[in-house]
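Since we're looking at a predicted model, the values are computed, not measured. To find a chain, count down the sequence lines: A is the first, B the second, and so on, and within it residues start at 1.
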Protein chains: 2
Amino acid sequence: MTEMSSNSGSGGGATGRIGIGLELDATHLKILEVLRDNGRVSVSALAERVGISRANAYTRFEALRADGVIKRFTAEIDHQRAGLGIVALIFVTVRQQMWRQFRAQLAQMPEVEYCAITTGQHDAMIQVRMADVAEVHAMVTERLANIPAVKATETVFILDEVLRRPYVLPSDRGRGAQRRPAPSASPEPEQGQGQGQGQGLPLGKMRFVGAAEGRAALRDES
Amino acid sequence: MTEMSSNSGSGGGATGRIGIGLELDATHLKILEVLRDNGRVSVSALAERVGISRANAYTRFEALRADGVIKRFTAEIDHQRAGLGIVALIFVTVRQQMWRQFRAQLAQMPEVEYCAITTGQHDAMIQVRMADVAEVHAMVTERLANIPAVKATETVFILDEVLRRPYVLPSDRGRGAQRRPAPSASPEPEQGQGQGQGQGLPLGKMRFVGAAEGRAALRDES
DNA sequence: GTTGAAATTAGTACGAA
DNA sequence: TTCGTACTAATTTCAAC
């Protein structure tokens, strides 16, 4: 369960089209906003908060669900109180030609909360939640490292989870600090922080990390 | 909104106690299991699935909520269809003594879905969701890099989100592959793990990454 | 901790704008 | 499409056991 395949149209031929089905308008986004903070609101209350009629709310709600925009409803828990207060990230290097096996093994690991294939130095990032540090160690050494597909791992612990949003919406933009003026590179007029970057983009600070060797080829296999 | 502070009792004096309030029994966990997959079930249906009476379900449900074990209910959406199909991880090195500012700035960024303080080479990991790759670039160079607290960043893109579970529960263990024998640091009779783990654990494969310089001191400031 | 009945609310199905 | 209303079914609450 809980398998995804968001980006990258899985190797197939057709381009991963965006916006199949529903065309989301402002009202849809508003519904998703309400649902993000209270997934258990009644559709009546939802209609009220969004400012539409009940019937309309039912229609749209059902449409969002049927169209797959809303995948499911769930809860957010306090992991500490639930007994799993230790979080770790495990960066995995996967052996070529063994992605399918790697994925299969992952599905067998209930302690894995999140797994994503990434560009950069490693191939995948796994987030696990455990009761104590020793369990993380055991998991990495006894379970993960025993998977033939796993070539190497690198583990870091999460000291504090500063922020977590269930999801981000396009309508969220503009609520925070300054909004991005133009689509691409636009020079910000001021910003007097003598940090050294003279209003230009401190590109030296940034470092994009490309995909590891042979990554592209591997995607097809899975 | 959506601020957390799970691990590491925030600098204060009292040890971060585990299990304040509710002592979760098997029934509580079962409730959380049901709620994970269907956050909108009626309490009646919940009671039925868990195998307890309605009133009992209401009591426990309310207790979990009031005690903070359940923090909120929310939805899971298809980000691609919602218009934000690009995911990136930004690993941030934070300047000493500027954690408070770093956190404050983060709260101003609605496109940030997740942020955690980590051990290892970097200080924090930020997950953002954007409409396209250019937006990620703009976000890193124009917004993040302009924060004085940010010393350096390293960005990787997520090619595929293989797996996401809303949360992991202690009761999940044992459903996957082989189970770990003992809970914690219980003296295992066999397996003379002098340090090099007796039964052939490929420890060479693993690499734990410690905290960056001056990390411990920084925690107090935030 | 459980069961059963009353009160409230939610979900559905219409016609009208 | 969206809205408003009436109808039906379900849920929540509250009582006693």
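- Partners of Asn38(A) by side-chain hydrogen bond (donor to acceptor under 3.5 Å, both in side chains), not counting sequence neighbours: none found.
- Evaluation of the side-chain contact (heavy atoms from CB on, under 4.5 Å) rule for Glu48(B) yields no partner, not counting sequence neighbours.
- In this view, Phe73(A) and Phe61(A) satisfy the ring pair (Phe, Tyr, Trp, His ring centres under 6.0 Å) rule, not counting sequence neighbours.
- For the side-chain contact (heavy atoms from CB on, under 4.5 Å) with Ile158(B), the qualifying choice from Thr118(A), Thr119(A), Ile117(A) is Thr118(A), the only one to do so.
- Nucleotides of DNA chain C that come within less than 4.0 Å of any heavy atom of chain A span, from the 5' end to the 3' end, dA10(C) to dT12(C).
- Using a 4.5 Å cut-off on side-chain heavy atoms (C-beta onward), Val128(B) and Glu135(B) make no contact.
- When the side-chain contact (heavy atoms from CB on, under 4.5 Å) test is applied to Thr59(A), no partner is found at least two apart in sequence or on another chain.
- For the helix from dG1(C)-dC17(D) to dA17(C)-dT1(D), the rotation axes defined at the first and last 5 base pairs enclose an angle of 30°, given to the nearest 10°.
- With sequence neighbours left out, the salt bridge (Lys or Arg N to Asp or Glu O under 4.0 Å) criterion links Arg54(B) to no other residue.
- Electrostatic pairing of Asp172(B) and Arg129(A) does not count as a salt bridge here, judged by no charged N lying under 4.0 Å from a carboxylate O.
- A salt bridge is defined here as a Lys NZ or Arg NE, NH1 or NH2 lying under 4.0 Å from an Asp or Glu carboxylate O, and Arg49(B) with Asp37(B) fails to meet this definition.
- Contacts of residues 38-55 of chain B with DNA chain C (heavy atom under 4.0 Å): Ser53(B), Arg54(B), Ala55(B).
- For Glu76(A), the salt bridge (Lys or Arg N to Asp or Glu O under 4.0 Å) partners are Arg72(B), not counting sequence neighbours.
- Protein chain B touches strand DNA chain D; the 5'-most and 3'-most nucleotides with an atom under 4.0 angstrom of its non-hydrogen atoms are dT11(D) to dT13(D).
- The pair Lys71(A)-Glu161(B) does not count as a salt bridge, with every side-chain nitrogen at least 4.0 angstrom from each carboxylate oxygen.
- Residues satisfying the side-chain contact (heavy atoms from CB on, under 4.5 Å) criterion with Ala47(B), sequence neighbours excluded, are Ile52(B), Ala57(B).
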